[in-house]
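Take a look at the structure below.
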There are 2 protein chains.
Amino acid sequence: MTEKITKLKLIKSGHPSQTTRPQTKYQRVENIIRQRLIENIWKPGDALPSEIQLATELDVSQGTVRKALNDMVAENLLYRRQGLGTFVSQHTERRALFLYFSLAGNNGTRILPESKILNFREKEPSEAEFTKLELMNRDRVIQFQRIRYYEDVPTIFETITLPLEHFPDFGSDSEPPNNLFRFYQSFYGITVAKAEEQLRAVPASHEESNILNVPENSPLLEINRLARMLDGRPVEWRVSHCDTTNYHYIKESG
Amino acid sequence: MTEKITKLKLIKSGHPSQTTRPQTKYQRVENIIRQRLIENIWKPGDALPSEIQLATELDVSQGTVRKALNDMVAENLLYRRQGLGTFVSQHTERRALFLYFSLAGNNGTRILPESKILNFREKEPSEAEFTKLELMNRDRVIQFQRIRYYEDVPTIFETITLPLEHFPDFGSDSEPPNNLFRFYQSFYGITVAKAEEQLRAVPASHEESNILNVPENSPLLEINRLARMLDGRPVEWRVSHCDTTNYHYIKESG
DNA sequence: CAGTGGTCTAGACCACGCG
DNA sequence: GCGTGGTCTAGACCACTGG
């Protein structure tokens with residue numbers, strides 16, 4: 001009994017600043033783990049310490065650690081494999097495909113389409129780019145465009161804008177690969193944690209009609225997506241114009 | 001000790017058929033609750049018995065009931081209000097808006113747009129309708145079309161198809177209201193539990209160009225949505241053609 | 001086999017909503 | 001005050017994985 005009381009005292013006195021703004025233990029555990037992910041102390045693919053080790057280190061019960069980890073698994077930041085451990089999520093092909101790429105063939109199958117870079121430049125951000133990417137100073141941006149092919153048919157025309165700040169020497173070595181998120185993660189230690197998409201129907205421009213081999217002004221699906229890192233800062237703004245004759249965007253709700 | 005052992009024996013012997021295909025207790029609890037929702041024993045808006053009552057009734061611990069309920073809260077079938085209880089989800093305006101209606105103004109605000117019914121008929125299903133709605137016999141279907149307005153501007157043209165089987169006397173009393181899901185729920189006891197959407201860009205037909213007041217062949221966003229009931233059977237097929245000049249479809253991932 | 005996550009229990013105490 | 005869900009603990013046992 002006395003031991004219990006002492007423990008509670010210790011916990012409360014150990015966090016005196018949080019008496020006004022109460023925070024649960026599992027939230028504190030979550031924040032600690034989140035911070036370690038942001039600081040790359042635990043890298044994508046790494047196994048975390050076991051639940052019992054974490055519980056001991058952070059002086060909480062295993063159940064509290066479980067709750068925190070389960071929350072983060074639900075956020076796709078971690079994944080579990082029974083008998084093996086808890087791991088930091090990576091931007092594998094599968095993850096890219098099911099989390100951040102929603103186009104599927106009319107039969108329902110998804111493929112991560114091949115892509116070809118058309119152009120590349122470093123420049124001052126436009127007003128829209130400055131706002132969208134939440135740039136602070138007049139930081140420069142990287143911008144490139146590419147075509148993506150579904151079964152060798154050009155289907156998507158993409159314009160991608162990145163804050164130069166986070167991507168030094170981008171594109172100087174070699175062409176950026178097909179799976180950009182994995183590239184950001186493995187070369188720059190930047191993990192895309194979430195994204196917001198806005199969809200519209202737009203007419204094909206003259207340039208797009210040539211590239212995608214469709215009539216001018218024919219309808220294209222515009223996917224306007226802002227991707228954010230673990231700490232919430234924007235990392236990539238991507239505008240994709242898609243010929244949805246043979247493919248469509250899918251979403252499940254409920 | 002002996003009590004514990006006896007209890008375990010009881011549980012196992014109480015479910016002899018499940019020794020080969022093991023199922024966890026919380027899954028069993030989930031299935032029982034799910035079944036009661038399907039059978040309308042607990043109706044939308046009702047409070048469930050308290051966790052302790054359920055635990056006693058089903059002979060499991062409160063923690064097991066918690067896990068089952070939390071899973072179903074994550075599925076949006078139930079919601080919790082601390083201090084009050086656990087409730088069956090309803091198709092309120094808010095729910096309709098945030099779960100099943102993804103159009104937002106370019107400033108980010110969402111509105112459930114007003115609608116006007118254009119026509120209504122009962123007919124034999126087409127081949128596509130038969131397949132999509134997973135009709136078994138040659139059941140008849142109800143079909144109607146409507147315009148939806150955003151700030152008094154016609155913006156969406158919808159074609160809605162329902163299996164007549166589930167909607168006797170549909171439309172004979174009065175016009176179906178704006179929020180259809182709530183109507184299905186309160187008048188027919190049918191809850192829409194999930195939906196699958198496919199999005200494309202399509203050209204405006206001659207008819208649509210008149211209705212939506214846009215040039216013929218101008219790009220429209222097509223939302224092709226199949227809604228399913230609690231037990232997974234299709235209840236509604238809706239094809240919406242949207243003028244996305246002032247509005248767009250939104251999705252958050254991560 | 002040892003170590004991991006997954007399930008389940010029993011019980012304590014807290015925070016909230018309502019009468 | 002009372003009943004509800006929300007947090008937290010401690011410990012048991014199961015199921016899976018790998019060496």
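Because the structure is a prediction, the values reported are computed rather than measured. Reminder, nothing fancy here: chain letters follow the sequence lines and each chain counts from 1.
For Arg66(B) and dG5(D), the shortest distance from a side-chain N or O to OP1 or OP2 is not below 4.0 Å. The phosphate of dT9(C) (OP1 or OP2) has a side-chain N or O of Lys25(B) nearer than 4.0 angstrom. Between Ser50(A) and dG3(C), a side-chain N or O to OP1/OP2 separation shorter than 4.0 Å is absent. When the side-chain nitrogen and oxygen atoms of Thr86(A) are compared with OP1 and OP2 of dT4(C), none of them lie within a distance under 4.0 Å. The shortest distance between the side-chain N/O atoms of Tyr26(B) and the OP1/OP2 oxygens of dT7(C) is below 4.0 Å. Within the structure, a side-chain polar atom (N or O) of Arg80(B) is placed less than 4.0 Å from OP1 or OP2 of dG6(D).
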Provide a list of protein-nucleic acid N or O atom pairs under 3.5 angstrom, restricted to nucleotides 17-19 of chain D.
none

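Along DNA chain D, the nucleotide nearest Val65(A) and the nucleotide nearest Gln62(B) are compared for position; the residue whose nucleotide lies closer to the 5' end is Gln62(B).
Judged as a salt bridge (charged side-chain N to carboxylate O under 4.0 Å, His left out), and not counting sequence neighbours, Glu175(A) has no contacts. For the side-chain contact (heavy atoms from CB on, under 4.5 Å) test, residues two or more places apart in sequence or in another chain that qualify with Phe187(B) are Phe183(B). For Asn246(B), the side-chain contact (heavy atoms from CB on, under 4.5 Å) criterion is met by no residue, not counting sequence neighbours. Residues satisfying the side-chain contact (heavy atoms from CB on, under 4.5 Å) test with Ile52(B), not counting sequence neighbours, are Ser50(B), Thr56(B), Gln62(B). For Arg36(B), the side-chain contact (heavy atoms from CB on, under 4.5 Å) test picks out Ile32(B), Ile41(B), Trp42(B), Glu57(B), Leu58(B), with sequence neighbours left out.
At a threshold of 4.5 Å between non-hydrogen side-chain atoms, the residues Gln90(A) and Arg95(A) do not count as touching.
Between the CD1 atom of Ile52(A) and the C1' atom of dA2(C) there is a distance of 12 Å, given to the nearest Å. Protein atom CD of Gln27(A) is 11 Å distant from nucleotide atom C1' of dG6(D), rounded to whole Å. In this structure, OH of Tyr79(A) is placed 13 Å from P of dG5(C), rounded to the nearest angstrom. Rounded to whole Å, the distance from CG on Leu48(A) to P on dG3(C) is 19 Å. Rounding to whole angstrom units, CD of residue Gln53(B) and C1' of dG3(D) are separated by 10 Å. Taking atom CG of residue Leu78(A) and atom P of nucleotide dT4(C), one finds them 17 Å apart after rounding to whole Å. When the P atom of dT7(D) is taken as reference, atom CZ of Arg28(A) falls 13 Å away, rounded to whole Å. The separation between Leu54(B) atom CG and dT9(C) atom P is 14 Å, rounded to whole Å.
Comparing atom distances between the Thr64(B) side chain and each of dT9(C), dG6(D), dC8(D) picks out dT9(C) as nearest.
Using cut-offs of 30° and 60° for the angle between ring planes, the Phe181(A) and Tyr184(A) rings count as tilted.
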